Amino acid sequence: MKVAIIGAGSRGVNVYGNILTANGVRISAVCDIDRQKVINAKTRFSIAEEACFFDEDKFFEAGQLGDGLVIASMDQDHYRQAIKAIKTGYKKILLEKPVSAVRGETEEIIKAAKENGVDILVCHELRYSGFYKTIKEVI
């Protein structure tokens with residue numbers, strides 16, 4: 001299985017990239033506006049030069065670059081990128097939370113996903129939960 005990643009920051013690369021590759025998944029493409037993050041991911045996961053993007057429009061114009069897509073970009077980009085991913089033909093999407101902070105956009109993503117047979121998994125990281133705060137205070 002091959003998976004592309006949008007958002008080559010800590011969660012995109014260090015969390016999802018590591019989990020995926022540890023389970024035999026190949027990272028097939030990466031996109032981030034930060035050139036150094038893309039270069040680091042390219043080296044780390046042996047991604048082909050032509051599968052490295054600094055612009056999401058060019059990323060999506062290239063078509064499906066994997067069997068699935070991880071969207072781990074900035075929160076305000078999730079809605080736009082999820083809709084583009086669905087239109088591009090991705091059928092498996094892991095979407096970092098929040099899906100959207102704008103009323104109605106989550107429902108639009110759900111509707112588009114259902115209409116196009118897309119499975120979307122929303123990752124709910126709990127690092128801001130009360131019990132983690134307590135653990136950090138104890139440490």
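Keep in mind that this is a model prediction, so the values were computed, not measured.
At a threshold of 4.5 Å between non-hydrogen side-chain atoms, the residues V3 and D67 do not count as touching. Side-chain contact between V13 and I27 is absent, with no heavy atoms from C-beta onward closer than 4.5 Å.
Note: S73 OG to R11 CZ = 9.5 Å, rounded to the nearest 0.5 Å. Considering NZ of K114 and CD1 of I109, their distance stands at 13.5 Å, rounded to 0.5 Å. Atom CG of L95 sits about 9.5 Å away from atom SG of C123, to the nearest 0.5 Å. Taken from CD in Q81 to CD1 in I6, the straight-line distance is 4.5 Å, to the nearest 0.5 Å.
Closest approach of I47 to A29, counting heavy atoms only: CG2-CA, 3.9 Å. Taking each heavy atom of I71 and A85 in turn, the nearest pair found is CD1-CB, 4.5 Å.
Residues passing the side chain to side chain donor-acceptor pair (under 3.5 Å) test with D75, sequence neighbours excluded: none. For N14, the side chain to side chain donor-acceptor pair (under 3.5 Å) criterion is met by R44, not counting sequence neighbours. Under the ring pair (Phe, Tyr, Trp, His ring centres under 6.0 Å) criterion, Y79 pairs with no residue at all, not counting sequence neighbours. With sequence neighbours left out, E107 forms a side-chain contact (heavy atoms from CB on, under 4.5 Å) with no residue at all. Looking at residues two or more places apart in sequence or on another chain, you find a salt bridge (Lys or Arg N to Asp or Glu O under 4.0 Å) between E49 and K42. Taking V122 as the reference, K97, V99, I120, H124 meet the side-chain contact (heavy atoms from CB on, under 4.5 Å) condition, with sequence neighbours excluded.
Among residue pairs with one or both ends in residues 20-36, those qualifying as side chain to side chain donor-acceptor pair (under 3.5 Å) are Q36-N40; sequence neighbours excluded. A ring-ring contact (aromatic ring centres under 6.0 Å, His included) check over residues 59-78, counting only residues at least two apart or in different chains, returns the pairs F53-F59.
Just one residue in the list E108, R80, E105 forms a side chain to side chain donor-acceptor pair (under 3.5 Å) with S100, and that residue is E105.
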Donor-acceptor pairs are to be reported for all side-chain atoms of residues 86-93 against protein atoms at under 3.5 Å, with residues two or more places apart or in another chain.
residue : atom : partner : partner atom : Å
T88     : OG1  : K84     : O            : 2.7
Y90     : OH   : L65     : N            : 2.9
K91     : NZ   : N116    : O            : 2.5
K92     : NZ   : D119    : OD2          : 2.5

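L69 and V30 are members of different hydrophobic clusters when ILVMFWY side chains are connected at heavy-atom separations under 4.5 Å. L94 and I19 end up in the same hydrophobic cluster when Ile, Leu, Val, Met, Phe, Trp and Tyr side chains are linked at under 4.5 Å. Cluster membership check: L121 shares its hydrophobic cluster with V15, using side-chain heavy-atom separations under 4.5 Å among Ile, Leu, Val, Met, Phe, Trp and Tyr.
M74 CE: 12 or fewer foreign heavy atoms inside a 6.0 Å radius.
Apart from I33 itself, the hydrophobic cluster it occupies contains nothing, where clustering links Ile, Leu, Val, Met, Phe, Trp and Tyr at side-chain heavy-atom distances under 4.5 Å.
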